[in-house]
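Comments concern the structure below.
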Amino acid sequence: ISSLGPLKFTHLLDLGGASGTWTIPFLRLNPEACATIFDQPDVIPMARRMMKKVGLASRVRLVPGSYLSDALPTGADLAWVSAIGHQNSRAQNRAMFAKVYAALAPGGRILIRDIVMDPSRTRPAGGALFAVNMLVATSGGGTFTFDELREDLSSAGFVKVKYLRRGEWMDSVVCATKP
């Protein structure tokens, strides 16, 4: 997280946050901030235990739901969408990005951590192989290029779409802003 530069925020929405693995470093870097973890109902008890164990329970709200069918909790100024996009089709990602856009406060940002392919779709090599896995294991998932992500984020209303980090695996981070 710290390698992404200063990430000032007051309220993090960790979409599909599971146990809070990413919420923890975000909150430790921003001691005045709070967070909302949004994930499937059966995952919430795991997140509750983890937040209690690391002493962050008072700063984290846990909200059960599915980003595919439910509205997202509102009011965050930073949304973390980590390793989710590759499970979805582009249409599903557009719908998810629209929900994140609606949930964010004006001026809020979305950070997407995933594999991001180059325009040839051959690099990074691990991403090309992973795309085959998504083809077999999901109904519409895959790996996407930066231009595809920019188009899908822009369709939801986001602006200033840029790379924060270009990685070789599932460590690329794309950022966009809600005006």
Side-chain angles (χ1 to χ4, degrees), residues 1-39 56 59-60 67 72-88 90 92-128 130-131 134 141-179:
I1 301 296
S2 60
S3 69
L4 298 176
L7 292 173
K8 302 287 186 204
F9 65 92
T10 59
H11 185 169
L12 171 72
L13 171 60
D14 189 348
L15 184 61
S19 67
T21 301
W22 289 101
T23 297
I24 295 166
F26 273 107
L27 290 182
R28 287 188 173 152
L29 286 172
N30 291 278
E32 302 301 315
C34 66
T36 300
I37 295 175
F38 182 84
D39 210 327
L56 293 173
R59 294 173 56 199
V60 179
Y67 70 86
L72 302 180
T74 60
D77 58 346
L78 182 66
W80 179 246
V81 180
S82 179
I84 295 175
H86 64 260
Q87 300 172 54
N88 298 330
R90 285 191 65 196
Q92 289 170 316
N93 278 338
R94 284 181 179 224
M96 177 180 63
F97 295 155
K99 286 182 177 190
V100 172
Y101 184 91
L104 282 172
R109 294 171 296 155
I110 183 174
L111 300 179
I112 301 163
R113 181 187 74 91
D114 216 317
I115 296 169
V116 179
M117 299 302 293
D118 77 348
S120 75
R121 295 188 178 282
T122 61
R123 291 182 308 275
F130 190 72
M134 291 296 94
T143 55
F144 304 103
T145 67
F146 175 78
D147 287 340
E148 289 170 327
L149 289 170
R150 183 178 51 227
E151 287 173 16
D152 296 343
L153 287 161
S154 296
S155 78
F158 286 101
V159 297
K160 299 179 185 173
V161 182
K162 61 184 178 181
Y163 267 113
L164 285 188
R165 177 179 30 209
R166 291 181 195 220
E168 287 298 311
W169 184 232
M170 205 168 297
D171 57 345
S172 289
V173 178
V174 173
C175 178
T177 303
K178 177 179 179 175

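Values below: every heavy atom of this structure, side chains too, minus hydrogens, waters and symmetry copies. Only a predicted model underlies this, so the values are computations on that prediction, with no experimental measurement involved.
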TODO: Work out which heavy atom in Asp118 is nearest to a heavy atom in Thr122; give both atom names and the distance.
DONE: OD1-N, 3.4 Å

Task: Distance, nearest 0.5 Å, that separates CE of Met170 from CD1 of Ile115 - done: 4.0 Å

- [ ] Take Leu7 and Leu29 through the test side chain to side chain contact (heavy atoms under 4.5 Å, CB included) and record every step on the way to the result.
- [x] CA-CA 8 Å; Leu7 292 173; Leu29 286 172; over 6 Å; no

Name every donor-acceptor pair, under 3.5 Å, that has one atom in a side chain of residues 95-102 and the other anywhere in the protein, sequence neighbours excluded.
{"residue": "Lys99", "atom": "NZ", "partner": "Tyr67", "partner atom": "O", "Å": "3.0"}
{"residue": "Lys99", "atom": "NZ", "partner": "Leu68", "partner atom": "O", "Å": "3.4"}
{"residue": "Lys99", "atom": "NZ", "partner": "Asp70", "partner atom": "O", "Å": "3.1"}

Open item on the list: According to side-chain hydrogen bond (donor to acceptor under 3.5 Å, both in side chains), who are the partners of Asp77, at least two apart in sequence or on a separate chain?
Closed with: Thr10

TODO: Answer yes or no: is there a side-chain heavy-atom contact under 4.5 Å between Leu111 and Leu164?
DONE: yes

TODO: List the atom of Ala103, the atom of Pro73, and the distance in Å for their closest heavy-atom pair.
DONE: CB-O, 3.3 Å

- [ ] Quick one: pull up OG1 in Thr145 and CD in Glu148 and give me the separation to the nearest 0.5 Å.
- [x] 3.5 Å

Open item on the list: Considering only residues two or more places apart or on different chains, which pairs with a residue in residues 28-38 satisfy side-chain hydrogen bond (donor to acceptor under 3.5 Å, both in side chains)?
Closed with: His11-Thr36

Task: Approximate separation, where rounding is to 0.5 Å, of Leu104 CG and Lys178 NZ - done: 6.0 Å

- [ ] Mind checking side-chain hydrogen bond (donor to acceptor under 3.5 Å, both in side chains) for Ser172 and listing every partner two or more places apart, or none if nothing turns up?
- [x] none

Open item on the list: Tell me if a side-chain donor or acceptor on Lys160 pairs with a main-chain N or O of Thr177 at a distance below 3.5 Å.
Closed with: no

Task: Straight-line distance of Asp114 CG to Phe144 CZ, nearest 0.5 Å - done: 8.5 Å

Open item on the list: Taking the side chain as everything from C-beta on, heavy atoms only, tell me whether Leu149 gets closer than 4.5 Å to Val161.
Closed with: no

Task: Spacing of Leu13 atom CG and Thr23 atom OG1 [to the nearest 0.5 Å] - done: 9.0 Å

Open item on the list: When you compare the side chain of Ile112 with that of Leu153, does any pair of heavy atoms fall below 4.5 Å?
Closed with: yes

Open item on the list: So which atom in Asp39 and which in Gly17 form the shortest heavy-atom distance, rounded to 0.1 Å?
Closed with: OD2-N, 3.5 Å

- [ ] Take the angle between the ring planes of Phe26 and Phe9 and call it parallel below 30°, perpendicular above 60°, tilted in between.
- [x] perpendicular

Task: Residues which pass side-chain hydrogen bond (donor to acceptor under 3.5 Å, both in side chains) with Asp152, listed by chain and number, not counting sequence neighbours - done: Arg90, Arg94

TODO: Kindly compute the distance separating CZ (Arg109) from CZ (Phe158), expressed to the nearest 0.5 Å.
DONE: 11.5 Å

Open item on the list: On a heavy-atom basis, which atom in Ile37 and which in Gly20 lie closest, and how many Å separate them?
Closed with: CD1-CA, 3.7 Å

TODO: Can you sort out the partners of Ser3 under side-chain hydrogen bond (donor to acceptor under 3.5 Å, both in side chains), two or more places apart, ordered by chain and number?
DONE: Arg165

- [ ] Evaluate whether atom CZ of Arg166 has more than 12 neighbouring non-hydrogen atoms of other residues, nucleotides or ligands under 6.0 angstrom away.
- [x] no

Open item on the list: Test your reading of the model: is there a side-chain donor-acceptor pair from Arg150 to the backbone of Lys162, 3.5 Å cut-off?
Closed with: no

